[in-house]
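Let me begin by presenting the structure, written as structure tokens, before commenting on it.
Throughout, protein chains are lettered first and strands after them, A, B, ... in sequence-line order, and every chain is numbered starting at 1. Since this is a predicted model, take the numbers as computed values, not measurements.
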Amino acid sequence: MKKIFALVDCNNFYVSCERVFDPSLEGEPVIVMSNNDGCVVSRSNEVKALGIKMGVAVFEIAGQIEKHNIETFSSNYTLYADMSSRVMRTLWQFTPNMEIYSIDEAFLDLGGIDVPLGEYGRKIQETVTKWTGIPVTVGIGSTKTLAKVANYLAKRSARAKGVLDLTGSVHLETALEKTPVEKVWGIGISSAVKLKRAGIENALSLSKADSNWIRQKFGVNGLRTVYELKGDCCYELDDNPPVRKSIVVSRMFGRDVEVIEELKQAVASHVSRAGEKLRQEKLAAEVMTVYVMSSRFLKKNRYLNYYIITFTAATDDTRQMLGAAMEAVEKLYKEGVKFKRAGVVLNGLVPKDKIQLGLFGGCDKGKSESLMKVIDKINSRFGGRGLRWAAEGFEQPWQAKQNRLSKKYTTQWDELPQVR
DNA sequence: TCTGGGGTCCTAGGACCC
DNA sequence: TCTGGGGTCCTAGGACCC
């Protein structure tokens, strides 16, 4: 049977989430900022029309924000994650096989659907918007890469109104021709530069490029992209994503950190968060890397240092990770450095129930487990950081900026939206 | 003054071995 | 006049994604 993929993508997802709970933002220019209120990570169409690019620093567009009265929001990840799961739950109505590809995108297997695909796509679009308030675009193609192309064009075509089916379409070549090569899934900035230098400007000419040359210049993934554009499926729907390989918690500081006590607090709170994620997914880590760095924009005296800890047995015990991390900071700290970021990476992740016991220790396993369980339960019940480790500090003056944070409308009893 | 966070995979090159 | 070759494993860095 011929394969059919739909890519459903939420429009301006973070901005759309904010609009659901504040409809007065409809039609107004809105941006959502990254952590530390640093960069633009989501823009409404009105903001895109002003020529404000994805990822620019907020301070660089301060003038435009003022001039055009742009509403700004800090990232409210709790809200977005909850809205995402509502969207995904809705999408499950339309297919037995779905791959949740990111917080705002999913690939749906539409093989075997016996109504016209365009109509079906429209139905998906209308239902998601009606049930969740989030507007979405649906692109349909015979490979994932072509579904992406369809989605890209559906967003830009007035006639498509957010739904485009390219399967068996006589317009496929025209569609590929209208797609700039840098918009093709898998072609990033550096490949795009190389391709254009070779005269390949759009998806159509990429699909006709010489395989040997592509393989040599862009590796196996480049070749797969070309095949996919031709309609040869290289990427299957992955509806059972593999267990992840790493957990990263890293943040910039709201201001420079120069004393070791504050650096330790920041690392401790990252470790604490990483431990929560670990236990949430029923994993344990064999290796932990702690790193600290100055601003990466410094011209000189840039500083980056990391320290790798290998545990004698995989662990999910925050206390054990904290102890090791605090020693690491002692080794990484350097007087006179203006630290701007710290991070914790967990690797060697194994399912919790398959931990290889170390030769030493491990005798209070039961105690550790119940302690972690209680802490996680209290924190999830009261929405966040009700219980903190002493090492995380109390004032936390280094915390990232979040000056424009909206409420946790859907996950926090005392922040529910009110109807008057 | 101010510049995100969290992932995956591939490749090239060095170390080492026979 | 002369330089081996090929395999494996590891790691750092690059590229890409959202």
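Within the nucleic acid shown, A:Lys194 has no heavy atom closer than 4.0 Å to any nucleic acid atom. Residue contacts for A:Arg296: at a heavy-atom cut-off of 4.0 Å it reaches the sugar-phosphate backbone alone, with no base atom in range. Residue-level contact check: A:Asp37 touches neither bases nor backbone, having no heavy atom under 4.0 Å from any strand. Using a 4.0 Å heavy-atom criterion, one finds that A:Ser191 contacts the sugar-phosphate atoms exclusively. When heavy atoms are screened at a 4.0 angstrom cut-off, A:Ile103 is found touching no nucleic acid atom at all. Residue contacts for A:Val345: at a heavy-atom cut-off of 4.0 Å it reaches no nucleic acid atom on any strand shown. Residue contacts for A:Val56: at a heavy-atom cut-off of 4.0 Å it reaches no nucleic acid atom on any strand shown. As judged by a 4.0 angstrom heavy-atom cut-off over every strand, A:Val58 is placed among residues making no nucleic acid contact.
Taking each heavy atom of A:Leu146 and A:Gly231 in turn, the nearest pair found is CD1-CA, 4.0 Å. Summarising the geometry of A:Ala160 relative to A:Arg122, their closest heavy-atom pair is O-NH2, 3.0 Å, with the distance given to 0.1 Å. Between A:Asn202 and A:Ser205 the shortest heavy-atom distance is OD1-N, 2.9 Å.
Checking C:dC17, B:dT3, B:dG7 against every side-chain atom of A:Tyr101, the shortest atom distance belongs to C:dC17. Listed candidates were B:dG4, B:dG7, C:dC18. Nearest to the side chain of A:Phe297 is B:dG4. The side chain of A:Ser102 sits closest to C:dC18 out of C:dC18, B:dT3, B:dG7. Of the candidates C:dA12, C:dC18, B:dG4, the closest approach to any side-chain atom of A:Met252 belongs to B:dG4.
Between A:Lys148 and the phosphate of C:dC18, there is a side-chain N or O to OP1/OP2 separation shorter than 4.0 Å. Applying the 4.0 Å criterion to OP1 and OP2 of B:dC9, one finds that A:Lys245 has a side-chain N or O inside that range. Between A:Arg215 and B:dT11, a side-chain N or O to OP1/OP2 separation shorter than 4.0 Å is present. Note on A:Arg255: every side-chain N or O is 4.0 Å or more away from OP1 and OP2 of B:dC2. Dashed line: the shortest gap from a side-chain N or O of A:Arg251 to OP1 or OP2 of B:dG6 is under 4.0 Å. OP1 and OP2 of B:dG6 both lie 4.0 Å or more from every side-chain N or O belonging to A:Ser246. Checking the phosphate oxygens (OP1, OP2) of C:dC16, a side-chain nitrogen or oxygen of A:Ser190 falls inside 4.0 Å.
A:Leu223 places its CG atom 11 Å from the P atom of B:dT11, with the value rounded to the nearest Å. If you measure from atom CG of A:Asn403 to atom P of B:dG4, you get 16 Å, rounded to the nearest angstrom. For the pair A:Tyr77 OH and B:dG5 C1', the computed distance is 9 Å after rounding to whole Å. Across the protein-nucleic acid pair, A:Met33 atom CE and B:dG5 atom P stand 14 Å apart, rounded to whole Å. Following rounding to the nearest Å, A:Ile308 (CD1) and C:dC10 (P) show an atom-to-atom distance of 14 Å. In this entry the distance linking CD of A:Glu281 with P of B:dG7 reads 8 Å, nearest Å. Counting to the nearest Å, the P atom of C:dC16 and the CG atom of A:Asn221 are 10 Å from each other. Atom pair A:Gln216:CD and B:dT11:P shows a separation of 13 Å (rounding to whole Å applied).
From A:Phe73, atom CZ reaches atom CG of A:Leu405 across 10.0 Å, with rounding to the nearest 0.5 Å. In this structure, A:Tyr291 OH and A:Ile308 CD1 are separated by 13.0 Å, a value rounded to the nearest 0.5 Å.
DNA chain B is contacted by both A:Arg224 and A:Ser34; A:Ser34 maps to the nucleotide lying nearer its 5′ end (nearest heavy atom per residue). Nearer the 5' end of DNA chain B, as judged by each residue's closest nucleotide, is the contact made by A:Lys401, out of A:Val248 and A:Lys401.
Stacking between A:Phe59 and B:dT3 is absent: the ring centroid is not both under 5.5 Å from the six-membered base ring centre and under 30° in plane angle.
Among A:Trp398, A:Tyr303, A:Phe253, the single residue meeting the ring pair (Phe, Tyr, Trp, His ring centres under 6.0 Å) criterion with A:Phe339 is A:Tyr303. Considering A:Arg279, A:Lys373, A:Lys352 in turn, A:Lys352 is the only one that fulfils the salt bridge (Lys or Arg N to Asp or Glu O under 4.0 Å) rule with A:Asp316.
Ring-centre distance between A:Phe94 and A:Trp131: not below the 6.0 Å cut-off.
Taking the P atoms as reference points, B:dT3 lies 25 Å from C:dC18, given to the whole Å.
The aromatic rings of A:Trp185 and A:Phe107 lie tilted to each other, with the angle between the two planes from 30° to 60°.
Helical stems in DNA chain B, defined as runs of 3 or more consecutive Watson-Crick or G-U wobble pairs with donor-acceptor distances under 3.5 Å: B:5-18 with C:5-18.
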Step-by-step side chain to side chain donor-acceptor pair (under 3.5 Å) determination, A:Ser102 to A:Asp104: CA-CA 5 Å; A:Ser102 75; A:Asp104 70 336; 2.9 Å; yes
